[in-house]
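Below: the structure, in structure tokens.
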Amino acid sequence: MRKQLLLAMALMLTAATSVAQTLNIGGHRAPLDTLNHIWLCSVPQSMFGQDFTAQVSFGDELTDLVIEGVSVNNEDFVTFDSIAGGKEYILTAHLGDSLITGSVTFTWLPIVELFGEFTDTYSYASVYVSEPDSAYAEPLMAKVKTRGIATDANGKHKRNYRIKFVNEEDSTKQNHRFFGLRNDNSWILDAGQMDFLRVRNRVSTDLWLDMARRPWYSDTLPNAHNGSRGQMVEVMLNGEYRGIYNMCEPIDRKQLKLKRYDEENQEFHGQLWMAHRWTRTVSMSNPYKYPNKDKWDGFEVEYPDYDEIGRADWTTLKNAVHFAKRADENMSARVDSMGYYFDVPVMQDYFIFIATLQALDNESKNIFYACHDITDHPRLTMVPWDLDICLGQSYAPEVPRGKAVEPERELNWVYHMPMVTMWHTMDYHNEVVDRYKELRETVLNTDSLVNRYRSAIENLEECGAAAREEGRWSEDSDLAYKPLNLSEEMDYVEDWLRRRMAYLDENVFIEMTEPEYRIGDVNGDGEVNVADVNTIIDIILGGSADEGTMKRADVNQDGEINIADINRELDIIMG
């Protein structure tokens with residue numbers, strides 16, 4: 001096994017040094033994009049707009065190097081005048097017997113290079129991460145696999161990757177810190193494959209991190225992050241340019257500061273689950289009876305790792321799911337106990353967040369549920385994931401944008417959210433409205449929202465990455481052969497956001513007031529008693545009633561008249 005690992009590492013490092021045919025410019029690694037014959041070099045943003053004089057070095061495979069008409073020997077100093085995003089410096093050289101005509105260009109985004117052959121199972125790889133403020137990037141050993149479902153299907157091109165760095169000696173975990181974020185072995189490269197803006201996920205997640213209240217236990221664990229931090233980077237795969245990616249931290253035990261599993265006593269503490277697909281269990285409306293090992297009808301265990309410990313404990317999540325189902329039928333249970341099972345401030349912020357962005361893919365799926373320590377308290381906090389389908393983005397590039405994603409769409413699509421019926425109770429509704437109004441003064445200010453996304457696009461444009469991304473992926477089958485134009489998409493997103501915020505202000509986040517009648521007095525006789533229950537039953541069975549009676553029969557104010565209203569009526573009668 002050790003020999004196989006060393007052989008794999010040697011092969012990867014050989015590929016990394018020979019295929020890329022890098023230049024070293026002032027200590028900054030400049031790999032060759034063999035598709036376009038462009039050497040791409042990451043330097044600090046502060047160097048743009050200035051002349052950059054740097055020592056250029058290269059390997060023996062490269063000969064007869066000429067940059068901007070000037071012959072360059074190994075370790076000569078070269079001046080690149082007034083560097084700018086997208087500006088190219090003509091280069092010719094011999095690579096063996098072959099003449100290469102290309103160019104050097106600069107970016108201020110980090111550059112990530114992957115070398116290896118990747119599928120949906122881990123395989124060894126060599127990885128370089130060249131940060132603009134750091135020189136002399138070294139090869140790092142890792143295990144890499146593709147990730148995703150639709151994005152990893154046959155025929156897809158710009159794929160997502162999961163990276164786990166390992167020690168070259170024994171293949172154990174090896175932590176690395178990038179971009180001032182966490183020091184860890186596990187990282188994700190998110191391609192934004194179907195996103196015509198390419199930054200929806202990264203910028204929207206940053207918005208969540210700025211607007212959401214901290215997990216309930218963060219007073220004692222201030223470094224807990226209920227979201228994934230990251231950095232836009234440019235990626236090359238086996239010497240070919242693959243475009244801009246979001247290199248980010250995964251959502252895991254370390255990110256959320258969950259208490260570790262006690263291996264010695266085989267005792268569960270911190271736990272993490274993810275809702276991967278839409279089901280009645282995930283919406284907590286009609287849960288399937290039994291989990292199957294590490295899966296439960298759309299939920300999957302994320303921590304502790306089932307493969308590592310060979311067991312799972314679903315008790316905490318199951319109790320919360322079954323409470324949510326009961327609470328849908330019992331107003332008193334909703335009001336009195338939801339804070340025991342759910343991190344209510346975070347749940348309220350999550351509702352505002354997905355309603356604001358119209359995050360259609362996140363209303364019940366693509367949510368992590370985390371419990372800090374089940375032996376301390378079962379309360380679950382929520383974390384969003386995979387925010388590509390928002391801000392007017394369709395589910396797939398081939399799907400036309402229509403009423404389903406227009407900014408004036410009603411909030412009817414959120415009604416599979418767990419505990420969403422709380423929105424129809426006056427006190428809770430008005431708490432959420434007050435919170436929304438508070439956020440509208442800061443991070444959800446319309447101009448602030450627009451500038452957040454536009455600044456991200458301008459950053460890509462000014463360093464030249466936007467043009468490189470468009471040149472690489474425009475009219476690719478990943479995008480249903482449609483053109484990719486980040487500037488035009490940003491104009492669409494700005495118009496969408498301005499219309500969306502106006503719609504929410506005027507139609508959704510408005511204060512609920514007391515009805516003009518006594519709640520529970522369905523028949524309008526001035527009393528609340530069993531006669532009102534009979535009136536509701538008559539309506540449910542198809543009986544006719546005037547408009548006022550129909551309005552009063554919706555006792556729980558959820559927009560429907562059904563058994564839940566009878567249960568609420570009985571609660572009122574019983575005091």
About how many Å separate [atom2] of [Y] and [atom1] of [X], when rounded to the nearest 0.5 Å?
| X | Y | atom1 | atom2 | result |
| --- | --- | --- | --- | --- |
| Gln358 | Asp361 | CD | CG | 12.5 Å |
| Leu486 | Asp491 | CG | CG | 11.0 Å |
| Trp296 | Thr279 | CH2 | OG1 | 9.0 Å |
| Leu497 | Leu391 | CG | CG | 5.0 Å |
| Ile67 | Phe80 | CD1 | CZ | 4.5 Å |
| Arg200 | Asp386 | CZ | CG | 12.5 Å |

Between the main-chain N or O of [Y] and the side-chain N or O of [X], is there a donor-acceptor pair closer than 3.5 Å?
| X | Y | answer |
| --- | --- | --- |
| Asn362 | Ile354 | no |
| Asp195 | Leu197 | yes |
| Lys254 | Asn183 | yes |
| Gln50 | Ser46 | yes |
| Lys143 | Tyr124 | no |
| Asp478 | Gln193 | no |
| Trp473 | Arg468 | no |

I want to check something: taking the side chain as every heavy atom from C-beta on, are [X] and [Y] in contact at a cut-off of under 4.5 Å?
| X | Y | result |
| --- | --- | --- |
| Pro250 | Arg162 | yes |
| Leu357 | Leu207 | yes |
| Ser477 | His157 | yes |
| Tyr161 | Leu114 | yes |
| Lys87 | Tyr89 | yes |

For a quick check under 3.5 Å, do [X] and [Y] share a side-chain donor-acceptor pair by atom type?
| X | Y | answer |
| --- | --- | --- |
| Asp190 | Asn201 | yes |
| Tyr245 | Asn160 | no |
| Tyr306 | Glu300 | no |
| Thr22 | Tyr128 | no |

Starting from the C-alpha separation in whole Å, work towards a yes-or-no answer on side-chain contact (heavy atoms from CB on, under 4.5 Å) for Phe106 and Ser42. CA-CA 6 Å; Phe106 293 91; Ser42 177; over 6 Å; no
Do the rings of Phe178 and Phe165 sit parallel, tilted or perpendicular, given the 30° and 60° boundaries? tilted
Aromatic rings Trp423 and Phe351: how do their planes relate, parallel, tilted or perpendicular, breaks at 30° and 60°? tilted
Does Lys173 NZ have over 12 foreign heavy atoms under 6.0 Å away? no
Should we say atom CZ of Arg280 is surrounded by more than 12 heavy atoms from elsewhere, each under 6.0 Å from it? no
Give the C-alpha distance, both sets of side-chain angles, the deciding distance and a yes or no for side-chain contact (heavy atoms from CB on, under 4.5 Å) between Tyr241 and Glu234. CA-CA 8 Å; Tyr241 186 74; Glu234 299 190 65; 2.5 Å; yes
For the residue pair Tyr369 and Trp273, is the inter-centroid distance of their aromatic rings smaller than 6.0 Å? no
In this structure, which one of Gln231, Met232, Arg229, Arg202 forms a side chain to side chain contact (heavy atoms under 4.5 Å, CB included) with Cys248? Arg202
Given the rule in the salt bridge (charged side-chain N to carboxylate O under 4.0 Å, His left out) test, do Asp184 and Arg182 qualify, once you have shown the distances and angles that lead to the verdict? CA-CA 6 Å; Asp184 200 68; Arg182 74 186 202 178; 3.0 Å; yes
For Thr356 and Leu444: C-alpha separation, side-chain torsions, deciding distance, then whether side-chain contact (heavy atoms from CB on, under 4.5 Å) applies. CA-CA 9 Å; Thr356 298; Leu444 294 189; 3.9 Å; yes
Out of Arg401, Arg198, Arg454, which one pairs with Glu489 under the salt bridge (Lys or Arg N to Asp or Glu O under 4.0 Å) rule? Arg401
Set out, in order, the CA-CA distance, both residues' side-chain angles and the distance that settles side chain to side chain donor-acceptor pair (under 3.5 Å) for Thr79 and Thr53, then state yes or no. CA-CA 4 Å; Thr79 297; Thr53 299; 2.8 Å; yes
Glu117/Asn238 under side-chain contact (heavy atoms from CB on, under 4.5 Å): CA gap, chis, key distance, verdict: CA-CA 9 Å; Glu117 298 298 325; Asn238 295 321; 3.7 Å; yes
